[in-house]
Protein chains: 2
Amino acid sequence: MAEPLDPEMFDPVCPSSAMPIQIGDKWTAMVVLCLEGGRRRFNEIKGPLRGITPKVLTQTLRAMERDGLVTRTAHDENPPRVEYELTPLGRSLLTLIEATRAWSREHLPALLQARAAHDSTPDRSPPG
Amino acid sequence: MAEPLDPEMFDPVCPSSAMPIQIGDKWTAMVVLCLEGGRRRFNEIKGPLRGITPKVLTQTLRAMERDGLVTRTAHDENPPRVEYELTPLGRSLLTLIEATRAWSREHLPALLQARAAHDSTPDRSPPG
DNA sequence: CGGAATCCTCTTCGATACTG
DNA sequence: CAGTATCGAAGAGGATTCCG
């Protein structure tokens, strides 16, 4: 839980945006995975989430806190230090995330292939 | 596969909108469930999907067709008859949908309870 | 460091009306 | 019956800037 997060733990060219399954909001599942190994600080989570803005990460974490998925601990120090940790409820999502990953490994290529085939047929709406 | 769909197969007051898991777009999972028993016509699917407009159902079905989740068969008759059917790929989502249902049965009450508790604490942003 | 405030765009969903 | 066309509201997500 002390080792740093791999900045490339989420493949930038991964076709996950095509995945027909979503956990929470756009970043929720990735946040859960970032916290899988234990408590993390705000910017620690932000690292692998390439392109997320602090505002959106705050939104995501607040929503997760509201739903009892994470706990937020603000240490009264200077510089500030805030840590987020998965609750058991949040941890229960890991099973589901793994299920979606299993589905993707098994079926996402077929979906992508169907989509590409469909998009390359000129008798339907072309890619745009 | 010939028996009509139960118009109330989706509970109107079910808290599924709070579910942190989503398959495809808003209606995709429900369409899959409508087609679980076999081929269905456009307005047959539309029935249980209370409130969906034809435009949105068409969008949903087209997207699903593009991704190889359903097949569309237009019979050249009068009046028109169009039938939609799950592909094996679309059918593979049923497993995942059942997994999300299992998670919801087990954990959604806790999530809802955490949310209600959070919303009733005056030291945070109140319900809006 | 960990946000908050503001502004903006893009997509999604819905209401309504019309058509082959 | 099975859509299409058009309009509009809403919200998610992002860019930028500023603060304790």
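These figures come from a predicted structure and were not determined experimentally.
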With L86(B), the side chain to side chain contact (heavy atoms under 4.5 Å, CB included) member among L93(B), L35(B), V31(B): L35(B)
Consider the side chain of [X], meaning its heavy atoms from C-beta on, and name the nucleotide among [options] that approaches it most closely.
X      : options                  : result
D25(A) : dG3(D), dA4(C), dG13(D)  : dG13(D)
P79(B) : dA15(C), dC1(D), dC1(C)  : dC1(D)
P80(A) : dA4(C), dG20(D), dG3(D)  : dG20(D)
F42(B) : dG13(D), dG3(D), dA15(D) : dG3(D)
T53(B) : dA15(C), dG13(D), dG3(D) : dA15(C)

Under 4.0 Å, counting only non-hydrogen atoms across every strand here, what does K26(A) touch: a base, just sugar-phosphate, or nothing? sugar-phosphate
Counting only side-chain N and O atoms of [X], is one of them less than 4.0 Å from OP1 or OP2 of [N]?
X      : N      : answer
R40(A) : dG2(C) : no
R41(A) : dG2(C) : yes
R62(B) : dT4(D) : yes

Between [atom2] on [N] and [atom1] on [X], what's the gap in Å once rounded to a whole number?
X      : N       : atom1 : atom2 : value
N78(B) : dC1(D)  : CG    : P     : 12 Å
E77(B) : dA2(D)  : CD    : P     : 10 Å
W27(B) : dC13(C) : CH2   : C1'   : 9 Å
Q22(A) : dG11(D) : CD    : C1'   : 14 Å
Y84(B) : dC1(D)  : OH    : P     : 15 Å
R72(A) : dG2(C)  : CZ    : C1'   : 8 Å
N43(A) : dG3(C)  : CG    : P     : 9 Å
L61(A) : dA4(C)  : CG    : P     : 11 Å

D11(B) (side chain) donor-acceptor with V13(B) (main chain) under 3.5 angstrom: yes
Would you find a donor on one side and an acceptor on the other, under 3.5 Å apart, between the side chain of T87(B) and the backbone of G90(B)?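 Answer holds: yes.
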Could you tell me if H118(B) and E65(A) have a donor-acceptor pair between their side chains, going purely by distance under 3.5 Å? no
Check whether any side-chain heavy atom of R72(A) sits under 4.5 Å from a side-chain heavy atom of E83(A), and report yes or no. no
